[in-house]
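Every value quoted in this text rests on a predicted model; they were computed, and no experiment measured them.
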Amino acid sequence: MDSLLKDIRYGLRGLVKHKGFTTIAVLTIAIGVGANTAIFSVINGVLLKALPFPEPQQLLSLSESSKEVPVMGIAYPNYLDWRAQQTTLENLTARLPAGGILTGGGEPERITGRFVNATFFPTLGVQPYAGRFFTDQEDRPGGEKVIVLSQGLWQRRFGGNTAVVGKPIQFNGESRTIIGVLPGNFDYYGVNNANNDFFIPIGQIADQEFMQDRSSHTVFVTARMKPGVTLDLVQNEFKAISARLSSTYPESNSGNSIVVASFLDDYVGDIRQSLLIVFGAVALLLLIACANVANLLLARATSRKREIAIRLAMGAGRWRVIRQMLTESLLLAIAGGLLGLVIAAWGVKALIKLDPDALYRTEAINVDLRVLLFTLAVTMITGLIFGLAPALQTSRLDIQGTLKQSALNASSGIRSLKLTGSFVTAELALSCVLLVGAGLLVRSYHALMFVNPGFDASNVLTLRLRLSDAKYRDSNQNTAFLKSVMQQTASLPGVVSVGLGTGFPLGPGGGDIDYQVEGEPQPARPTEAPVAITRSVNESYHKTLGIGLLAGRYFNDRDTAEAPAVVIVDDTFVRRHFSPGPIINVIGKRLRFGGDGEPWREIVGVVNHVRQNGLEEEGRTGIYRPWLQMNPKWMTSLTRALDMVVKTSANPETFVGPIK
């Protein structure tokens with residue numbers, strides 16, 4: 001220990017004496033260690049930290065899959081059959097996004113949450129912070145109107161007063177009793193993912209028509225495996241269940257399969273691969289930093305050859321010299337690691353601010369004990385990597401030749417040059433890998449920047465409308481309200497046009513609906529029918545968003561429920577069904593959507609393809625229908641939740657207040 005302390009003191013004096021060398025080496029190490037620590041902090045928070053539920057490794061996510069849609073929701077009747085037939089799961093629960101207006105006690109507030117089963121919270125293993133959760137009696141049609149609040153909503157709306165538990169609130173124009181409050185750490189798909197404000201029983205809407213339709217893939221399922229059950233066992237059982245349902249209900253289930261995945265995989269989605277790729281890139285960066293510092297140490301060893309030769313001549317063993325050199329390397333690594341930790345703390349904040357919506361569980365991303373241990377390990381390993389080769393090289397000095405004031409002897413010089421050349425070669429190789437990867441990313445980014453999204457978002461304001469389910473029960477009443485809002489908005493000075501629809505590009509809304517083109521053969525199975533992203537829109541929607549017309553016409557105010565059923569398709573649809581041939585030939589052709597009672601609709605226009613779900617998406621078919629010609633079965637509910645797009649001649653944000 002005494003010798004080690006002497007080595008440390010001697011090493012510190014040497015590093016302080018050569019400030020330029022020390023500064024360059026420490027900064028080089030700090031960049032490499034800091035980048036690795038920052039990315040590991042994100043990986044730790046998103047991928048490695050246990051989900052905030054008991055035994056999270058037992059949780060699963062289940063979905064359905066078809067030839068056209070690889071991952072989709074589940075028909076509620078199928079979910080009920082799954083629950084009745086399975087034997088490997090302890091709990092199986094369904095959920096469905098929900099939204100509504102909270103009134104009373106302040107300004108009306110639009111909140112988002114979920115319809116869930118009474119088994120939802122027991123499946124996750126969550127206990128209420130205050131009050132209780134649903135009962136089976138409440139989770140059925142006609143059950144008592146109850147609601148569970150998130151702690152965030154409870155705090156901001158009710159000041160954290162536990163006395164509100166058991167009291168009624170006005171939600172969507174009807175009275176619901178607050179029966180419970182969730183714990184503050186409740187994190188279902190991330191607290192930043194919204195849809196956590198409230199929870200109400202899904203069984204209370206189970207008798208509605210869309211919930212009884214096996215072709216309506218509306219709910220999502222979470223499950224917990226029984227103790228001792230494996231994922232393979234669950235997958236095999238549900239494969240058999242899927243086969244039975246396909247045989248029993250061929251029209252809706254034939255060709256579909258059940259996808260069983262770990263809850264964490266479903267939770268993090270594609271972000272896992274992205275994080276691991278970035279982590280690999282910064283690991284290469286750290287190796288380049290190590291090679292750089294190793295070369296610096298080799299260069300510095302040249303000026304220290306006489307010092308080392310004297311130490312060896314006076315009896316210092318080879319291991320003693322190696323230990324001294326490694327001690328100095330570790331001191332450099334520790335200094336770089338400490339500075340790298342500061343860089344990492346800043347880098348983590350920068351990564352989160354760069355795109356907070358791209359990461360789940362951002363509240364779990366921090367520099368904790370695991371990250372500190374990772375930094376310590378990286379620092380020590382880094383010090384050994386860049387310090388070992390120079391230490392070994394220095395310990396092989398020719399004592400006599402060096403003491404005679406000559407340069408390193410030929411063999412030593414050749415060895416040093418070979419070692420330096422090896423490090424330079426490694427640096428160039430690793431740098432080429434990083435440069436090629438960076439070049440590909442830049443090219444992809446450049447391509448995305450100049451990709452044609454199919455619409456013009458300049459000076460366009462988007463607004464979500466959500467009318468009370470209890471107050472707005474009639475589609476005619478809803479339509480009159482929406483028309484009034486659009487007319488008054490259009491009359492505002494500076495408003496160019498107003499569109500209305502079930503969603504907008506790159507935003508929520510719209511859905512995948514199967515369809516049939518007149519004259520084309522029926523698919524062998526209903527589930528193999530072509531699928532399109534479909535939106536119901538008003539006559540100004542396409543003009544407001546600058547979606548170009550290629551043939552035919554846009555919708556007009558005469559495309560009402562009493563008029564002939566019509567649609568507008570995009571050029572991707574044309575290429576899929578009518579290529580080759582002029583686009584104009586598509587006008588007058590007919591198609592119809594899947595479902596009972598759907599009419600044949602005449603194609604009256606062709607527009608540019610719009611990238612609805614992302615700039616990188618492939619050409620998915622898009623079909624539009626007039627909003628007043630929506631299926632009467634869904635008309636009332638759909639007109640309670642539509643989106644507005646407003647084109648303005650000035651900064652669109654200045655119109656938010658007047659429109660509200």
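Leu482 places a side-chain heavy atom less than 4.5 Å from the side chain of Trp627. Val71 is not listed as a side-chain neighbour of Ser65, based on a closest heavy-atom distance of 4.5 Å or more. The closest side-chain heavy-atom distance from Phe555 to Val537 is below 4.5 Å. The side-chain heavy atoms of Asn651 and Asn459, taken from C-beta on, include no pair separated by under 4.5 Å. The shortest side-chain heavy-atom distance between Met72 and Ser66 falls under the 4.5 Å cut-off. Residues Leu465 and Met644 are in side-chain contact: their nearest non-hydrogen atoms beyond the backbone lie under 4.5 Å apart. A 4.5 Å side-chain heavy-atom check between Lys647 and Lys543 finds every atom pair outside the cut-off. No side-chain heavy atom of Ile587 sits less than 4.5 Å from a side-chain heavy atom of Val604.
In this structure, Leu60 CG and Thr222 OG1 are separated by 9.0 Å, a value rounded to the nearest 0.5 Å. Expressed to the nearest 0.5 Å, how far CD1 of Ile603 lies from CG of Asn585 amounts to 11.5 Å. Here the straight-line distance linking atom CD1 of Ile533 with atom CD1 of Ile623 works out to 10.5 Å at 0.5 Å rounding. Residue Arg83 holds its CZ atom at 13.0 Å from CD1 of Ile241, rounded to the nearest 0.5 Å. For the atom pair Ile200 CD1 and Lys145 NZ, the distance stands at 8.0 Å (nearest 0.5 Å). Ser252 OG to Leu245 CG: the interatomic distance, rounded to the nearest 0.5 Å, is 8.5 Å.
Residues Ala206 and Tyr76 approach most closely at CB-CE2, 3.8 Å, considering heavy atoms. The two residues Asp514 and Ala529 come nearest to each other via the heavy atoms CB-CB, 4.0 Å. Nearest heavy atoms, Ala75 versus Glu64: N-OE1, 3.6 Å. Closest approach of Thr112 and Phe198 over heavy atoms only: C-CE2, 3.4 Å. Of all heavy-atom pairs between Asp570 and Thr621, the closest is OD2-C, 3.8 Å. Residue Trp600 comes nearest to Val517 through the heavy atom pair CZ3-C, 4.2 Å, listed as atom of the first residue, atom of the second, then distance.
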Quick one: do Tyr541 and Ile547 satisfy side-chain contact (heavy atoms from CB on, under 4.5 Å)? Show the steps, please. CA-CA 9 Å; Tyr541 180 88; Ile547 301 174; 4.3 Å; yes
From CA spacing to verdict: side-chain contact (heavy atoms from CB on, under 4.5 Å), Val496, Thr648: CA-CA 5 Å; Val496 178; Thr648 64; 5.6 Å; no
Take Phe199 and Ile147, measure what side-chain contact (heavy atoms from CB on, under 4.5 Å) needs, and give me the verdict at the end. CA-CA 6 Å; Phe199 295 83; Ile147 188 169; over 6 Å; no
Just do the side-chain hydrogen bond (donor to acceptor under 3.5 Å, both in side chains) check on Asp207 and Gln212 with the steps written out, would you? CA-CA 7 Å; Asp207 58 345; Gln212 296 296 318; over 6 Å; no
Check against side-chain contact (heavy atoms from CB on, under 4.5 Å), Gln629 and Thr560: CA-CA 6 Å; Gln629 292 184 358; Thr560 62; 5.9 Å; no
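Side-chain atoms of Ser491 and Gln487 include no donor-acceptor pair closer than 3.5 Å. Arg535 and Gln612 form a side-chain donor-acceptor contact under 3.5 Å, judged by distance and modelled atom types alone. A donor-acceptor contact closer than 3.5 angstrom is absent between the side chains of Arg611 and Asn452. Donor-acceptor pairing under 3.5 Å is lacking for the side chains of Thr534 and Arg625. Asn608 and Asp571 share no donor-acceptor pair across their side chains, judged by distance under 3.5 Å alone. Judged purely by distance below 3.5 Å, without hydrogens or angles, the side chains of Gln204 and Asp139 never pair a donor atom with an acceptor atom.
The pair Asp559-Arg553 meets the salt-bridge criterion, with a side-chain N (NZ, NE, NH1 or NH2) lying under 4.0 Å from an Asp/Glu carboxylate O. Salt bridge status for Asp81 with Arg214: present, with a side-chain N to carboxylate O gap under 4.0 Å.
Side-chain atoms of His217 do not come within 3.5 Å of backbone N or O of Ile74 as any donor-acceptor pair. Judged purely by atom type and a 3.5 angstrom limit, Thr544 uses its side chain to pair as donor or acceptor with the backbone of Ser540. Counting only distance, with no hydrogens or angles, the side chain of Asp197 and the backbone of Leu153 share no donor-acceptor pair below 3.5 Å. At least one donor-acceptor pair under 3.5 Å links the side chain of Ser246 to the backbone N or O of Ser242. At least one donor-acceptor pair closer than 3.5 Å links the side chain of Gln235 to the backbone N or O of Val260. With hydrogens and angles ignored, the 3.5 Å screen pairs no side-chain donor or acceptor of Ser216 with any backbone N or O of Asp213. Distance alone, capped at 3.5 Å, places no donor-acceptor pair between the Asn117 side chain and the Thr93 backbone. In this structure a side-chain-to-backbone donor-acceptor pair under 3.5 Å is missing from Glu602 to Val566. A donor-acceptor distance shorter than 3.5 angstrom exists from the side chain of Asp643 to the backbone of Gly503, with no hydrogens or angles considered. For Asn172 (side chain) and Ile101 (main-chain N/O), a donor-acceptor pair under 3.5 Å exists by modelled atom type.
Crowding of Arg244 atom CZ: a count of heavy atoms from other residues, nucleotides or ligands under 6.0 Å exceeding 12.
For the salt bridge (charged side-chain N to carboxylate O under 4.0 Å, His left out) with Glu518, the lone residue among Lys589, Arg590, Arg601 that qualifies is Arg590.
Applying the ring pair (Phe, Tyr, Trp, His ring centres under 6.0 Å) rule to pairs touching residues 460-495 yields Tyr472-Phe481, sequence neighbours excluded.
In terms of the ring pair (Phe, Tyr, Trp, His ring centres under 6.0 Å) criterion, Phe210 has no residue partners (sequence neighbours excluded). Listed by chain and number, the residues in a ring pair (Phe, Tyr, Trp, His ring centres under 6.0 Å) with Tyr249 amount to none (sequence neighbours excluded).
For His542 and Tyr624, the ring centers sit closer than 6.0 Å to each other. Aromatic pair Tyr515/Phe573: centroids less than 6.0 angstrom apart.
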